[in-house]
Amino acid sequence: MTTTGRFTIPSEENYAKETGELAELWGADAVRNSDGTHLDADVLALGKKIYSAYFPTRAHNEWISLHMDETPQVYLLTNRILAESMSVDIALMESFYEEQLSVNYDADPHRYWEVIDRTTGEVVAPQLWSVNAEDGTVHVDEVTPMHEYTVSFLAYIIWDPVEMYNHLTNDWGDKEHEIPFDIYHEKTREFVFDTFHQWLKDNPQTDVVRFTTFFYQFTLLFDNKHREKVVDWFGSACTVSPKALDDFEVQYGYRLRPEDFIDMGSYNSAWRIPRKPQRDWNDFLTTFVRANVKRLVQDTHAHGKEAMMFLGDQWIGTEPYKKGFEELELDAVVGSVGDGTTLRMIADIPGVRYTEGRFLPYFFPDTFYEGNDPSIEGLDNWRKARRAILRSPISRMGYGGYLSLANKFPKFVDTVTHIADEFRTLHEYTNGAAAEPALTVALVNCWGAQRSWMAFTVAHALPNKQTHSYYGILEALSGMRVNVRFISFEDILEHGIDEDIDVLINGGPVDTAFSGGDVWENPRLVEIIRAWVRAGGAFVGVGEPSSVNRQGRFFQLADVLGVDEERFHTLSVDKYFPQTTPRSDHFITRDVPEDYEIDFGEPILNTYPIHEGVTVLSARGGEVQLAANEYGAGRGVYISGLPYCALNARLLERVLFYASHNEEKYDAWSSTNPECEVAHYPEAKLFCVINNTDRAQATDVRRADGTVESFELEPSAMVWRHE
C-alpha cells in the first residue's frame with residue numbers, strides 16, 4: 001500500500017523541523033498555511049506542494065482604510081420599538097456590535113432605508129422620519145400608538161467576520177482588525193486585481209492558490225455582547241451597496257426594497273420560500289461574482305498555478321451547484337468536513353478536477369487544550385465522513401490550524417496517522433470509484449440541484465433543534481447505498497419525474513422552501529406525482545410534506561401517504577387509528593427491537609391516518625410517526641422526523657427499499673448490524689465493511705450469491721474482502 005500522498009498538512013512560522021517530521025508520519029505531500037500563519041523558507045524547502053491561502057478582499061488595511069465607503073454593506077433591522085405617543089425614536093445600533101458594523105450615513109437614507117409599521121406592514125413615508133447621526137437614532141412622527149416600528153438601514157462591515165471569529169477564538173489580542181472591501185467599486189476592484197497579479201509574481205513557490213473564498217461573506221452578524229446574532233451560511237445579506245442596487249434597477253427594471261433583504265427579520269433564510277426579488281438578486285450577484293472569479297482563475301493559470309476555492313467564508317455568489325459553475329475553470333474545491341452531509345456537499349461538486357476535505361478538529365485552542373483528548377473528535381469526524389466517502393470519494397484530505405498545537409497531543413498524532421493511511425488505502429483499492437448503488441432517490445424542494453446536500457442547514461454542518469429531524473435524512477442518505485439527486489418543484493412541473501428515480505422524498509415544516517408552501521396549490525404538481533406513484537412510484541413524506549391548507553386537506557398528498565395533519569378545523573370529525581403493526585411483522589421495522597423507542601425528533605402534532613387501511617408502524621401520543629400506504633401500483637410512506645443515528649439510518653434505508661418495491665434486493669451487500677455498513681465495488685471485485693462506532697461490533701454480511709460471512713470488527717474498523 002502507498003503510504004504517502006493525498007494529504008495536506010498545515011504549518012506555521014519557525015516550525016519547519018516538526019512539520020517535516022509530521023509530514024513524513026502522515027504521508028503529507030502538500031503543506032498549507034492557515035489564517036494568521038505564514039510559511040517560512042525552511043518549510044517551503046521541504047519539497048512539498050505548497051498551498052497558499054489568499055484573501056482577495058481583506059488583509060490590506062493600508063488600502064481600504066483610505067476608502068471606507070467601499071467596504072461591503074448589509075441591511076440591518078433595528079429592534080421593534082413600541083410607539084406610546086404620536087412619535088417614536090428608534091436606536092439603530094442598539095443590538096449590533098459596533099466594532100463589526102458602522103451605520104452608512106453617506107448614502108441618502110431616504111432613498112436607501114425604510115421605516116415600517118410592523119403592526120400593519122405599511123412603509124412610513126420618508127417625509128415623516130429623520131435621521132440623527134450624532135446619537136444614531138431615527139425619529140418618526142405621526143405614528144400610531146401601540147404599533148411597533150422598525151428601521152431597515154444600511155451599514156458598513158468594518159471587521160471581516162471570519163477574521164473576527166478567528167481573532168476572538170484564538171485570542172489574538174491587539175492584532176489589527178482586518179477590514180473587508182467590496183470589489184463592486186471600480187477602484188477597489190482594480191486594486192484587488194493589481195494586488196493579486198503582484199502577489200503571483202512575488203510568490204513563485206506557491207503551487208496552489210487557495211482562495212478563501214472570493215468576495216462576499218455569508219451572513220454572519222454579531223450582537224452588542226459579541227455573540228453571533230444572525231448566521232446563515234447561504235445568506236447574501238452582506239452583498240449590498242447603493243451602486244449595486246442602482247445597477248440592479250437598471251438591469252432588471254424594478255427597484256429592490258430594503259425589505260427584500262430584511263424579509264421581516266428572517267434575512268432571507270434558506271428556509272424561506274424564495275421570492276422573485278431574492279432569486280433575481282442571487283442571479284445578479286452570481287453573474288458579477290463569477291465574471292471576476294474567472295479573471296482571478298485565469299490569472300492564476302497564467303502563472304502556472306492551480307486555483308482552489310474554499311467552500312466557506314466569502315463563498316456567496318459562487319454556489320457550486322448553480323448552473324454554469326464549471327465555466328469558472330477552477331481546479332479544485334476544498335471545504336470543511338463536519339459530517340457525511342458536508343462531505344457529500346464537497347465530493348459531488350461538478351466541474352472541477354479534484355475535491356479536498358478539511359477534516360475536524362481544527363488545530364485551535366478551543367479543542368487542543370490541556371486535559372482534552374482531540375483524538376475522540378478526530379475519529380468521530382472520520383467515521384461520519386468515511387461512510388460518505390465510500391459513496392462519493394473526495395480526492396484529498398487534510399487539516400487546518402496551528403500544527404504546533406496538534407503536536408502536543410501524541411495520541412491525536414497517532415490517530416491522524418491511522419486516518420490518513422486508511423484514506424489512501426481506500427483510494428488504492430477502489431481507484432477513486434464510488435461504491436455500487438442499489439436505488440436512485442430524489443429530494444424535491446424549492447431550491448433543487450442548486451442547493452444539493454445543503455437542505456435543512458443553518459450553518460455549516462450545524463443543524464439546530466428545529467432542523468435536526470430533517471437534517472438526519474441527509475446524513476443517513478450521505479453514506480447509504482443509493483444515488484441521491486436534488487430536484488425542484490419547477491423541474492417536476494416542466495419535465496415530469498425522471499424514469500430512473502425510484503423514490504421521491506419531500507419533507508420539512510409547513511411554509512418553508514423544503515416542504516414547498518403554496519407551490520402545492522398548483523393542481524398540476526399534485527397530478528404528476530399522484531400519477532407517477534399510482535403507476536408504481538414511491539413517495540416518502542417527512543414532517544409536514546406537501547403541506548398547505550387547501551380544500552379540507554393539509555397534506556395535499558395525504559391520499560398517497562395515508563396520513564394527514566389535523567389543523568383544528570375538523571375536530572368534530574372522528575379519526576380512528578388502526579392497530580399498530582408489530583415491528584417484526586413489517587419489512588420497514590423488522591430490524592428495530594420491540595423495546596427500542598425510535599427517535600422521531602421534534603413531534604409533528606395531530607397527525608392521523610386518513611383511513612383504516614393505512615399500515616401504522618408507530619403512533620405515540622395520538623400522532624402518527626411512521627406509516628405506509630398502498631397507492632395503486634405504488635406506495636407512500638410517512639415519517640414524522642428522523643434525526644441521524646445508526647438505527648434511524650437503517651430504518652430509512654428499509655423505507656426506501658420497501659416503498660420502491662425492492663425488498664428482494666435488500667439483503668445483498670447489507671449488514672445485519674445497523675452500526676456497520678457495507679460498500680460493494682463490483683469492478684474491483686471487492687467489498688468493505690465499516691464499524692461506525694468507537695466500540696467493537698459483530699455483524700454478518702450477505703453477498704449477492706447468498707453466502708454469508710461473519711465479521712468481528714474493532715472500534716472504528718474498516719476491513720476489505722474480495723467478492
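For clarity, every value in this text was computed on a predicted model and none was experimentally measured.
For the atom pair L311 CG and I346 CD1, the distance stands at 6.0 Å (nearest 0.5 Å). Here CG of N104 is found 9.0 Å from OH of Y75. Values are rounded to the nearest 0.5 Å. With rounding to the nearest 0.5 angstrom, the CG atom of D366 is 12.0 Å from the CG atom of D171.
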>> Assess the residue pair W233 and L220 against the criterion (side-chain contact (heavy atoms from CB on, under 4.5 Å)); give the C-alpha distance rounded to whole Å, side-chain angles, the decisive distance to 0.1 Å, and a yes or no.
In response: CA-CA 8 Å; W233 196 60; L220 180 57; over 6 Å; no

>> One pair to check against side-chain hydrogen bond (donor to acceptor under 3.5 Å, both in side chains): D106 and Y156. What are the steps and the verdict?
In response: CA-CA 10 Å; D106 301 319; Y156 294 114; 2.6 Å; yes

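Judged by distance alone, the side chains of Y252 and D283 never bring a donor and an acceptor atom under 3.5 Å apart. Using modelled atom types and a 3.5 Å distance limit, the side chains of E12 and S404 yield a donor-acceptor pair. A donor-acceptor contact closer than 3.5 angstrom links the side chains of D247 and Y184.
Figure legend: cation-pi geometry between K229 and F96, with NZ or CZ positioned under 6.0 Å from the six-membered ring centre and within 45° of its axis. No cation-pi contact links R189 to W63, judged by a cut-off of 6.0 Å to the six-membered ring centre and 45° from its axis.
Checked for salt-bridge contact, E114 and R257 meet the test: a charged N lies under 4.0 Å from a carboxylate O. Ion pairing between a basic and an acidic side chain is recognised when a charged N comes within 4.0 Å of a carboxylate O; K243 and D69 show no such pairing. The residues R550 and D518 are annotated as not salt-bridged, no charged nitrogen and carboxylate oxygen being separated by less than 4.0 angstrom. Using a 4.0 Å cut-off between charged side-chain N and carboxylate O, E259 and R118 make a salt bridge.
Ring centers of H67 and F191: at least 6.0 Å apart, outside the cut-off.
Evaluation of the side chain to side chain donor-acceptor pair (under 3.5 Å) rule for S52 yields T206 as partners, not counting sequence neighbours. Scanning for side-chain contact (heavy atoms from CB on, under 4.5 Å) contacts around Q466 gives N464, with sequence neighbours left out. With sequence neighbours excluded, no residue forms a salt bridge (charged side-chain N to carboxylate O under 4.0 Å, His left out) with E623. Remark: E148 engages no residue in a side chain to side chain donor-acceptor pair (under 3.5 Å) (not counting sequence neighbours). In this structure, the side chain to side chain donor-acceptor pair (under 3.5 Å) partners of S515, at least two apart in sequence or on a different chain, are T512. Every residue meeting the side-chain contact (heavy atoms from CB on, under 4.5 Å) condition with L256, not counting sequence neighbours, appears here in chain and number order: L245, F248, Y254, D260, F261, P277, W281.
Atom CD of E190 has 12 or fewer neighbouring heavy atoms from other residues, nucleotides or ligands inside a 6.0 Å radius. Shown here is E142, whose CD atom has no more than 12 heavy atoms of other residues, nucleotides or ligands within 6.0 Å.
Under the ring-ring contact (aromatic ring centres under 6.0 Å, His included) test applied with Y54, the options W199, F310, F214 reduce to a single match, W199. Under the ring-ring contact (aromatic ring centres under 6.0 Å, His included) test applied with F514, the options Y471, F489, Y470, F456 reduce to a single match, F456.
In terms of heavy-atom proximity, V240 sits nearest to D182 at O-OD2, 4.2 Å.
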